[in-house]
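Below is one structure, written out as C-alpha coordinates; comments come after it.
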Amino acid sequence: MENEKLLEFYNHFKDWYNTKVEQLTLLRDSDVDLQLEGKDGKKIVFEANSEVAQGIRLGASIAIDTIGKFPVKLSTETEN
(Lines give C-alpha, C1' and ligand atoms only; values in the text may rest on other atoms or scores of the structure.)
Protein backbone atom coordinates (compact mmCIF):
# COMPACT_ATOMS: atom_id res chain seq x y z
CA MET A 1 0.00 0.00 0.00
CA GLU A 2 2.83 2.43 0.83
CA ASN A 3 4.46 1.75 -2.53
CA GLU A 4 1.20 2.55 -4.31
CA LYS A 5 0.90 5.86 -2.46
CA LEU A 6 4.50 6.70 -3.24
CA LEU A 7 4.01 5.87 -6.91
CA GLU A 8 0.82 7.95 -7.04
CA PHE A 9 2.61 10.92 -5.44
CA TYR A 10 5.54 10.50 -7.82
CA ASN A 11 3.25 10.46 -10.86
CA HIS A 12 1.34 13.56 -9.72
CA PHE A 13 4.57 15.38 -8.96
CA LYS A 14 6.07 14.45 -12.33
CA ASP A 15 2.89 15.53 -14.17
CA TRP A 16 2.92 18.87 -12.32
CA TYR A 17 6.61 19.36 -13.11
CA ASN A 18 6.16 18.50 -16.81
CA THR A 19 3.21 20.89 -17.08
CA LYS A 20 5.21 23.77 -15.58
CA VAL A 21 8.20 23.13 -17.85
CA GLU A 22 5.88 22.92 -20.87
CA GLN A 23 4.21 26.23 -19.94
CA LEU A 24 7.56 27.95 -19.49
CA THR A 25 8.81 26.52 -22.78
CA LEU A 26 5.74 27.76 -24.64
CA LEU A 27 6.25 31.21 -23.12
CA ARG A 28 9.96 31.23 -23.94
CA ASP A 29 9.43 30.12 -27.54
CA SER A 30 6.45 32.34 -28.32
CA ASP A 31 6.71 35.32 -30.64
CA VAL A 32 3.33 36.85 -29.95
CA ASP A 33 2.22 39.79 -27.82
CA LEU A 34 2.03 38.95 -24.12
CA GLN A 35 -1.05 39.83 -22.12
CA LEU A 36 -1.05 39.95 -18.35
CA GLU A 37 -3.97 40.58 -16.05
CA GLY A 38 -3.55 42.53 -12.84
CA LYS A 39 -5.31 41.96 -9.54
CA ASP A 40 -7.76 44.69 -10.47
CA GLY A 41 -8.70 42.82 -13.65
CA LYS A 42 -6.98 45.31 -15.95
CA LYS A 43 -5.16 43.72 -18.83
CA ILE A 44 -1.75 44.90 -19.95
CA VAL A 45 -0.42 43.96 -23.38
CA PHE A 46 3.29 43.91 -24.19
CA GLU A 47 4.17 43.83 -27.86
CA ALA A 48 6.07 40.71 -28.88
CA ASN A 49 9.36 42.52 -29.51
CA SER A 50 9.16 44.94 -26.59
CA GLU A 51 11.87 44.95 -23.94
CA VAL A 52 9.38 43.80 -21.31
CA ALA A 53 8.23 40.81 -23.41
CA GLN A 54 11.83 39.89 -24.13
CA GLY A 55 12.62 40.15 -20.40
CA ILE A 56 9.69 37.88 -19.54
CA ARG A 57 10.88 35.33 -22.09
CA LEU A 58 14.42 35.55 -20.70
CA GLY A 59 12.99 34.92 -17.23
CA ALA A 60 11.17 31.83 -18.53
CA SER A 61 14.41 30.58 -20.07
CA ILE A 62 16.31 31.11 -16.81
CA ALA A 63 13.55 29.31 -14.90
CA ILE A 64 13.78 26.32 -17.24
CA ASP A 65 17.57 26.17 -16.79
CA THR A 66 17.24 26.55 -13.02
CA ILE A 67 14.59 23.85 -12.69
CA GLY A 68 16.69 21.44 -14.74
CA LYS A 69 15.74 17.83 -15.23
CA PHE A 70 13.09 16.14 -13.13
CA PRO A 71 14.82 15.75 -9.74
CA VAL A 72 13.48 12.35 -8.69
CA LYS A 73 14.08 8.83 -9.97
CA LEU A 74 12.31 5.71 -8.87
CA SER A 75 14.03 2.35 -8.92
CA THR A 76 12.94 -1.18 -8.22
CA GLU A 77 16.35 -1.91 -6.75
CA THR A 78 16.84 -1.76 -3.01
CA GLU A 79 19.94 -0.56 -1.19
CA ASN A 80 21.52 -2.87 1.36
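Each of Thr19, Leu26, Val21 was scored for a side chain to side chain contact (heavy atoms under 4.5 Å, CB included) with Gln23, with one residue passing: Thr19.
Residue Asn11 holds its CG atom at 8.5 Å from CD of Glu8, rounded to the nearest 0.5 Å. We find the NZ-CZ distance between Lys14 and Phe9 to be 13.5 Å, quoted to the nearest 0.5 Å.
Around CD of Glu51, the count of heavy atoms belonging to other residues, nucleotides or ligands within 6.0 Å does not exceed 12.
For the pair Tyr17/Ile67, a side-chain contact is recorded, criterion being any heavy-atom separation below 4.5 Å from C-beta on. Two residues are said to be in side-chain contact when any heavy atoms from C-beta on lie closer than 4.5 Å; Arg28 and Leu24 fail this criterion. Using a 4.5 Å heavy-atom threshold, the side chains of Val52 and Leu34 count as separate.
Judged by distance alone, with hydrogens and angles left aside, the side-chain atoms of Thr66 form a donor-acceptor pair with the main-chain N or O of Ile62 at under 3.5 Å.
Ile56 and Val32 sit in two unconnected hydrophobic clusters of ILVMFWY residues. Membership requires side-chain heavy atoms under 4.5 Å apart, directly or through other members. Each of Leu27 and Leu58 belongs to its own hydrophobic cluster when Ile, Leu, Val, Met, Phe, Trp and Tyr are linked at side-chain heavy-atom distances under 4.5 angstrom.
Classification of the Phe70-Phe13 ring pair by plane angle, with boundaries at 30° and 60°, yields tilted.
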Which donor-acceptor pairs under 3.5 Å do the side chains of residues 40-50 make with protein atoms, sequence neighbours left out?
unit_1: Asp40; atom_1: OD1; unit_2: Lys42; atom_2: N; d: 3.0
unit_1: Ser50; atom_1: OG; unit_2: Glu47; atom_2: O; d: 2.8
unit_1: Ser50; atom_1: OG; unit_2: Ala53; atom_2: N; d: 3.2

